[in-house]
> 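Let me give you the structure first, and then I'll get to my questions.
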Amino acid sequence: MKTRQPVSLTEDEIAAVRSWVVHEDAHLIAFNKPSGLSSQGGRIQAHTLDDLLWAFARSNGKRPELVHRLDRDTSGVILAAKTKPAAGFFGKALQARKFHKTYRALIAAAPEPRAGQIDAPLRRQEIGRESYMRVVEVGAEGAQASQSRYRTLAANEEGAVVELEPLTGRMHQLRVHMAHIGRPLVGDVRYGGSLTFAGRPAPRLMLHAAKLSFPHPDGGRLTVEAPEPADFLALRKAAGL
């Protein structure tokens, strides 16, 4: 693994990152990342999850490395590889699309139909210092094929809880695809989501990486789940969902 300059962490930071562990074995650590924490290299001058992995450094100075990323405001399951062979194994599995990711999100109204697949190419667009993804025509310059599945778990007059599965791994893919079918995610300022839900303010982008299933270096598949955080549960409860 890369040996980089260690980051000095406080006792509180070490306790926090350890409390987020939902699975650990000889090859990997899985965390339930809180919303508001960048996975890596955020512009905000605060420690990222990548920095906090120094809490697990071994005596030889090597430490776990993140296998993939989550957007800063998205909560939920994220993996770190504990060894170089494990990092290589997971990297190949990701490229071969052997990682199955399941998310939950809040939207203002149930989609019609209640379940389906969105097949809409995306293209990255830079506006100032920010990066956006836009739906474009098939064959457009820079277009990346993108597919997502969605399924309504619960719905009423207040809104809906949906399960989302990205079949490809584009930046902001689920957010843009749901906005494309007229159901942007609650709290998603960038892509037109409502800032309130069930009469309450949405504290953030209401997207949670609930489950991750992937090949394990020892054989077979492992499924890791992360419970919904308090802010997500509170809005569900307020809506009677």
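Values reported hereafter were calculated over all heavy atoms of this structure, with side chains retained and with hydrogens, waters and symmetry mates removed.
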> Evaluate salt bridge (charged side-chain N to carboxylate O under 4.0 Å, His left out) for Arg190 paired with Glu130, printing each intermediate quantity in order.
CA-CA 10 Å; Arg190 183 169 296 203; Glu130 299 293 335; 2.5 Å; yes

> With the side chain counted from C-beta on, respond yes when His68 and Leu212 share a heavy-atom pair under 4.5 Å apart, and no when they do not.
yes

> Has Gln95 got a side-chain atom pairing as donor or acceptor with Lys92's backbone, closer than 3.5 angstrom?
no

> Would you be so kind as to tabulate the donor-acceptor pairs closer than 3.5 Å made by side chains of residues 113-120, with sequence neighbours excluded?
unit_1	atom_1	unit_2	atom_2	d
Asp119	OD1	Gln147	NE2	3.3

> Should Pro166 and Tyr103 count as side-chain neighbours, where that means a heavy-atom distance under 4.5 Å?
yes

> Where do Gln40 and Arg69 land on the side chain to side chain contact (heavy atoms under 4.5 Å, CB included) test, with the steps shown first?
CA-CA 8 Å; Gln40 286 176 311; Arg69 293 182 176 204; 2.9 Å; yes

> Can you give me the closest heavy-atom contact between Val77 and Ala210, atom names plus distance?
CG2-O, 3.9 Å

> Sub-3.5 Å donor-acceptor pair from the side chain of Ser35 to the main-chain atoms of Asp73, do we have one?
yes

> Check for me, please, whether Trp54 and Val21 land in the same ILVMFWY cluster - side-chain distances under 4.5 Å, paths through other members count.
yes

> Determine whether more than 12 heavy atoms belonging to other residues, nucleotides or ligands lie under 6.0 Å from atom CD of Glu137.
no

> Between Pro121 and Gln144, is any pair of side-chain heavy atoms under 4.5 Å apart?
no

> Donor-acceptor check, side chain of Arg236 to backbone of Leu241, threshold 3.5 angstrom: yes or no?
yes

> Exactly one of Arg221, Glu225, Lys101 should register a side-chain hydrogen bond (donor to acceptor under 3.5 Å, both in side chains) with Ser213. Which one does?
Arg221

> Could you check whether any side-chain heavy atom of Arg149 comes within less than 4.5 Å of a side-chain heavy atom of Leu164, counting everything from C-beta outward?
no

> Identify the heavy atoms of Ala202 and Val186 that sit nearest to each other, and give their distance.
CB-CG1, 3.6 Å

> Can you see whether Glu13 engages His47 through a side-chain donor-acceptor pair at a distance of less than 3.5 angstrom?
yes

> Between atom CG of Asp71 and atom CG of Leu37, what is the distance when rounded to the nearest 0.5 Å?
12.5 Å

> Is the NZ or CZ atom of Arg18 both under 6.0 Å from the centre of the six-membered ring of Phe56 and within 45° of that ring's axis?
yes

> Looking at Val161, Val162, Ile181, which hits side-chain contact (heavy atoms from CB on, under 4.5 Å) with Ile107?
Val162

> What's the separation between atom CG in Leu207 and atom CG in Leu185, rounded to the nearest 0.5 Å?
5.5 Å

> Please tell me if the side chains of Pro184 and Met178 come closer than 4.5 Å, counting only heavy atoms from C-beta onward.
no

> Hey, what do you get for CD1 (Ile78) to CD1 (Ile29), rounding to the nearest 0.5 Å?
12.0 Å

> CG of Leu106 to CZ of Arg183: how many Å apart, nearest 0.5 Å?
14.0 Å

> Passes side chain to side chain donor-acceptor pair (under 3.5 Å), Gln173 versus Thr168? Steps please.
CA-CA 8 Å; Gln173 175 179 315; Thr168 50; 2.7 Å; yes

> Atom CZ in Phe89, atom NE2 in His216: separation rounded to 0.5 Å?
8.0 Å

> With a 6.0 Å cut-off (strictly less than), is the heavy-atom count around CD of Glu11, excluding the residue itself, greater than 12?
no

> Would you say Val7 and Leu49 are hydrophobically clustered, going by side-chain heavy atoms of ILVMFWY under 4.5 Å?
yes

> Can a donor-acceptor pair be found, under 3.5 Å and without considering hydrogens, that links the side chain of His208 to the backbone of Ala226?
yes

> Would a single hydrophobic cluster contain both Leu122 and Val138, if residues Ile, Leu, Val, Met, Phe, Trp and Tyr are joined by side-chain heavy-atom contacts under 4.5 Å?
no

> Can you tell if the side chain of Met206 reaches within under 4.5 Å of the side chain of Phe232, non-hydrogen atoms only?
yes

> Grouping I, L, V, M, F, W and Y whenever their side-chain heavy atoms are under 4.5 Å apart, do Phe197 and Val189 come out in a common cluster?
no

> Apply side chain to side chain contact (heavy atoms under 4.5 Å, CB included) to Trp20 and Leu52, showing your working.
CA-CA 11 Å; Trp20 303 333; Leu52 295 175; 3.7 Å; yes

> Just by modelled atom types, is the Gly199 backbone N or O under 3.5 Å from a matching donor or acceptor in the Thr196 side chain?
no

> Checking the side chain of Arg124 only, and the main-chain atoms of Tyr132 only, is there a donor and an acceptor separated by less than 3.5 Å?
no

> Is Leu9 reachable from Leu66 through a run of hydrophobic residues whose side-chain heavy atoms are each under 4.5 Å from the next?
yes

> Of the non-hydrogen atoms in Phe90 and Pro215, which two are nearest, and what is the gap between them?
CE2-O, 3.5 Å

> Output the distance between atom NE2 (His23) and atom OG1 (Thr223), rounded to the nearest 0.5 Å.
10.5 Å

> What is the minimum heavy-atom distance between Leu53 and Ala80, and which atoms define it?
CD1-CB, 4.1 Å

> Does any non-hydrogen side-chain atom of His180 lie less than 4.5 Å from one of Ser148?
no

> Are Arg175 and Asp188 ion-paired here, with the side-chain N under 4.0 Å from a carboxylate O?
yes

> Taking Asp50 first and then Arg63, would you say they form a salt bridge - that is, a charged N and a carboxylate O separated by under 4.0 Å?
yes

> Under 4.0 Å between a side-chain nitrogen and a carboxylate oxygen: does that hold for Arg151 and Glu163?
yes

> Under 6.0 Å between ring centres, would you say that holds for Tyr191 and His172?
yes

> Give me the atom names and distance for the closest heavy-atom approach of Ser146 to His177.
O-CE1, 3.4 Å

> Identify the heavy atoms of Val67 and Ala81 that sit nearest to each other, and give their distance.
CG2-N, 3.7 Å

> Is it the case that the side chain of Asn156 and the backbone of Ala239 share a donor-acceptor pair, with hydrogens and angles ignored and the cut-off at 3.5 Å?
yes

> Answer yes or no: is there a donor N or O on one side and an acceptor on the other, between the side chain of Arg200 and the main chain of Leu235, under 3.5 Å?
no

> Below 4.0 angstrom, N of the basic side chain to O of the carboxylate: do Glu65 and Lys82 qualify?
no

> Please examine the side chains of Leu79 and Phe99, heavy atoms only from C-beta on, and report whether any two atoms are closer than 4.5 Å.
yes

> Can any side-chain N or O of Lys33 pair as donor or acceptor with the backbone N or O of Thr74 at less than 3.5 Å?
yes

> Check the pair Arg204 / Ser75 against side chain to side chain donor-acceptor pair (under 3.5 Å), numbers first and verdict last.
CA-CA 10 Å; Arg204 52 131 172 152; Ser75 56; 3.1 Å; yes

